[in-house]
Amino acid sequence: MGKQLFAKVATVLASLFIVFSACQVNPNKRYEFKQLAEATWSKGDTLRYVFFVPEGQQNYNIALQFRLNTTFEQLHLPIGYTINNNMGYNFCDSTILVVAKAPGDFSNFSGSYRQFLLPLPHQFVPPIAGIYTFSVFHQINRPSVRGVENIGITIEKPNISLTQKGYSPIYR
């Protein structure tokens, strides 16, 4: 009976370890996706992502991930974005996602979905810890863009080496 109890406890603990380690792959990263109805991004559709920043005055990298299907027709996808909070912080910028070099040339990507990771050109340095809203919208001069299945956001603290902080490397 003691061996059976020990085996059950060991199995439960191993299962819990696997579950919790899978949830904590990188505690500094957060992924959130928004799906677009019928794979169409209308001009008025501003996607909003709400996230918590645990530390103010720290650098954060933000990247967008686009999942496009075969009906996407653009070579480039210009987007605008804002980051704000309810304490008056407001940052606005725009960038361009380069999707293909020529119409229909998705040779670097396979499968029915093409995934594009677009790191934003600026690091986000929130003035204080708290809740922030990231909003993204397309800037194509058309009423809608077809073929955008969903858009995700990744927010993470960058890994800064001691050399980047100004310390000299140690050679042995």
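For the numbers below, each heavy atom of this structure counts, side chains included, while hydrogens, waters and symmetry mates do not. Nothing fancy with the numbering, it's 1 onward along the sequence.
- Summarising the geometry of Pro78 relative to Ile140, their closest heavy-atom pair is CD-CG1, 3.6 Å, with the distance given to 0.1 Å.
- Under the 4.5 Å side-chain heavy-atom criterion for grouping Ile, Leu, Val, Met, Phe, Trp and Tyr, Phe124 is connected to Met87 within one hydrophobic cluster.
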Atom pairs and distances, side-chain donor-acceptor, residues 92-100, under 3.5 Å, sequence neighbours left out:
residue	atom	partner	partner atom	Å
Asp93	OD2	Tyr81	OH	3.3
Asp93	OD2	His122	NE2	2.8

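- Classified by interplanar angle (parallel below 30°, tilted 30° to 60°, perpendicular above 60°), the ring pair Phe134/Tyr49 is tilted.
- Here CG of Leu118 is found 11.0 Å from OG1 of Thr154. Values are rounded to the nearest 0.5 Å.
- Side-chain atoms of Phe51 and Glu32, non-hydrogen and from C-beta on, never get closer than 4.5 Å to each other.
- Residue-environment remark: CG (Asn141) stays at or below the threshold of 12 foreign heavy atoms within 6.0 Å.
- Between the CZ atom of Arg146 and the OG1 atom of Thr70 there is a distance of 9.5 Å, given to the nearest 0.5 Å.
- Put simply, CD1 on Ile151 and NZ on Lys34 are 11.0 Å apart, with the number rounded to the nearest 0.5 Å.
- Cluster annotation: Leu77 is not connected to Phe33 through the hydrophobic network of ILVMFWY side chains, with a link wherever side-chain heavy atoms come within less than 4.5 Å.
- Across all their heavy atoms, Ala63 and Pro119 have their closest contact at CB-CA, 3.8 Å.
- When side chains are defined from C-beta on, Leu36 counts as touching Leu47, because their heavy atoms get closer than 4.5 Å.
- For the atom pair CG (Asn85) and OH (Tyr132), the distance works out to 4.5 Å, reported to the nearest 0.5 Å.
- Thr40 places a side-chain N or O within 3.5 Å of a backbone atom of Glu38 that can act as its donor or acceptor partner.
- Counting only heavy atoms from C-beta outward, the side chains of Val136 and Trp41 approach each other to under 4.5 Å.
- Counting heavy atoms from C-beta outward, Gln74 and His138 have side chains that stay 4.5 Å or more apart.
- Note on residues 41-55: pairs passing salt bridge (charged side-chain N to carboxylate O under 4.0 Å, His left out), not counting sequence neighbours, are Glu55-Lys157.
- Between Gln123 and Asn61, some side-chain heavy-atom pair lies under the 4.5 Å cut-off.
- Here Pro54 pairs with Phe52, Tyr60 under the side-chain contact (heavy atoms from CB on, under 4.5 Å) rule; sequence neighbours left out.
- Taken to the nearest 0.5 Å, the CG atom of Asn86 stands 9.0 Å off from the CG atom of Asn84.
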**OP:** Start with the C-alpha gap between Thr82 and Thr46, add the side-chain angles, then the distance that decides, and say whether side-chain contact (heavy atoms from CB on, under 4.5 Å) holds.
**Re:** CA-CA 10 Å; Thr82 63; Thr46 298; over 6 Å; no
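- What you find for Val53 and Pro126 is that their closest heavy atoms are CG1-CG, 3.4 Å.
- Here the CD1-CD1 distance, from Ile83 to Ile155, works out to 8.0 Å after rounding to the nearest 0.5 Å.
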